[in-house]
**Student:** 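Have a look at this one before I ask anything.
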Amino acid sequence: GVSQSREVRYNERESARKEMRERKRRMKDQTAEARARLQASIDGLERRMKMDANDLEYETHLRQKRQLQQILDRLKKQAE
């Protein structure tokens with residue numbers, strides 16, 4: 001009857017909430033992974049810049065590093 005349909009609706013809402021929490025957790029995990037990959041790329045560029053004798057390569061890596069750092073900074077701000 002009525003109480004059974006309320007229980008069904010309640011269970012559906014709880015299920016939807018649980019699904020949303022899980023979806024948010026997965027997104028947070030993916031964001032953390034993306035941030036880690038960005039940081040690894042930045043670190044790799046930093047190492048290459050120390051070895052680059054060629055000014056053009058150095059400038060290219062510096063520009064790439066700055067762009068990646070901006071993206072990483074934006075992701076960190078969103079996570080706050």
Side-chain angles (χ1 to χ4, degrees):
V2 173
S3 67
Q4 189 176 12
S5 69
R6 278 187 187 149
E7 188 176 336
V8 167
R9 286 195 309 267
Y10 174 80
N11 288 338
E12 287 172 352
R13 282 195 306 272
E14 280 303 303
S15 179
R17 285 185 188 112
K18 192 174 184 179
E19 167 103 17
M20 187 59 79
R21 282 193 301 269
E22 179 63 23
R23 201 176 289 164
K24 283 182 181 178
R25 187 193 62 74
R26 279 195 309 265
M27 271 179 56
K28 200 179 252 187
D29 289 350
Q30 289 171 341
T31 301
E33 289 172 16
R35 286 172 33 192
R37 285 193 306 271
L38 279 167
Q39 189 61 59
S41 295
I42 290 168
D43 295 344
L45 285 167
E46 188 78 36
R47 283 191 298 276
R48 287 183 67 181
M49 286 166 61
K50 289 177 184 172
M51 296 184 297
D52 287 336
N54 180 331
D55 285 344
L56 183 59
E57 284 181 352
Y58 182 88
E59 288 299 321
T60 300
H61 292 142
L62 181 61
R63 189 171 54 254
Q64 288 174 340
K65 181 185 165 217
R66 285 181 180 154
Q67 289 170 340
L68 291 175
Q69 189 65 55
Q70 286 174 346
I71 294 167
L72 184 59
D73 293 344
R74 279 196 300 265
L75 282 173
K76 285 179 181 177
K77 279 184 185 172
Q78 287 175 358
E80 292 174 354

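Small disclaimer: the values here were computed from a predicted structure and weren't measured. Basis for what follows: all heavy atoms, side chains included, without hydrogens, waters or symmetry-related copies.
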**Student:** In terms of hydrophobic clustering (I, L, V, M, F, W, Y; side-chain heavy atoms under 4.5 Å; direct or indirect links), are Leu45 and Leu38 co-clustered?
**Tutor:**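 Yes, Leu45 and Leu38 fall within the same hydrophobic cluster.
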**Student:** Counting only N and O atoms by type, is there a donor-acceptor contact under 3.5 Å from the side chain of Thr60 to the main-chain atoms of Leu56?
**Tutor:**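 Yes: the side chain of Thr60 pairs with the backbone of Leu56.
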**Student:** Considering only distance and modelled atom types, tabulate donor-acceptor pairs under 3.5 Å from the side chains of residues 62-80, sequence neighbours left out.
**Tutor:**
from: Lys65; atom 1: NZ; to: Glu46; atom 2: OE1; distance (Å): 2.6
from: Gln69; atom 1: NE2; to: Asp73; atom 2: OD1; distance (Å): 3.0

**Student:** So does Arg48 have more than 12 non-hydrogen atoms from other groups sitting under 6.0 Å from CZ?
**Tutor:**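 Counting other residues, nucleotides and ligands, CZ of Arg48 stays at 12 neighbours or fewer.
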**Student:** Should side-chain heavy atoms under 4.5 Å link Ile, Leu, Val, Met, Phe, Trp and Tyr, which residues sit in the same cluster as Met51?
**Tutor:**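 None; Met51 is a cluster of one.
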**Student:** Could you name each residue pair satisfying salt bridge (charged side-chain N to carboxylate O under 4.0 Å, His left out) that touches residues 1-12, not counting sequence neighbours?
**Tutor:**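 The answer is none; no pair qualifies.
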**Student:** Could you list the donor-acceptor pairs under 3.5 angstrom formed between side-chain atoms of residues 20-28 and any protein atom two or more places apart in sequence or on another chain?
**Tutor:**
from: Glu22; atom 1: OE1; to: Arg25; atom 2: NE; distance (Å): 3.4
from: Glu22; atom 1: OE2; to: Arg25; atom 2: NH2; distance (Å): 2.6
from: Arg23; atom 1: NH2; to: Glu19; atom 2: OE2; distance (Å): 3.2
from: Arg25; atom 1: NH1; to: Asp29; atom 2: OD2; distance (Å): 2.6

**Student:** Glu14: which residues meet the side chain to side chain contact (heavy atoms under 4.5 Å, CB included) condition with it, sequence neighbours left out?
**Tutor:**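 Only Tyr10, Arg17 meet the side chain to side chain contact (heavy atoms under 4.5 Å, CB included) criterion with Glu14.
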**Student:** Taking side chain to side chain donor-acceptor pair (under 3.5 Å) as the test, write out the residues that go with Glu57, two or more places apart.
**Tutor:**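 Here no residue qualifies.
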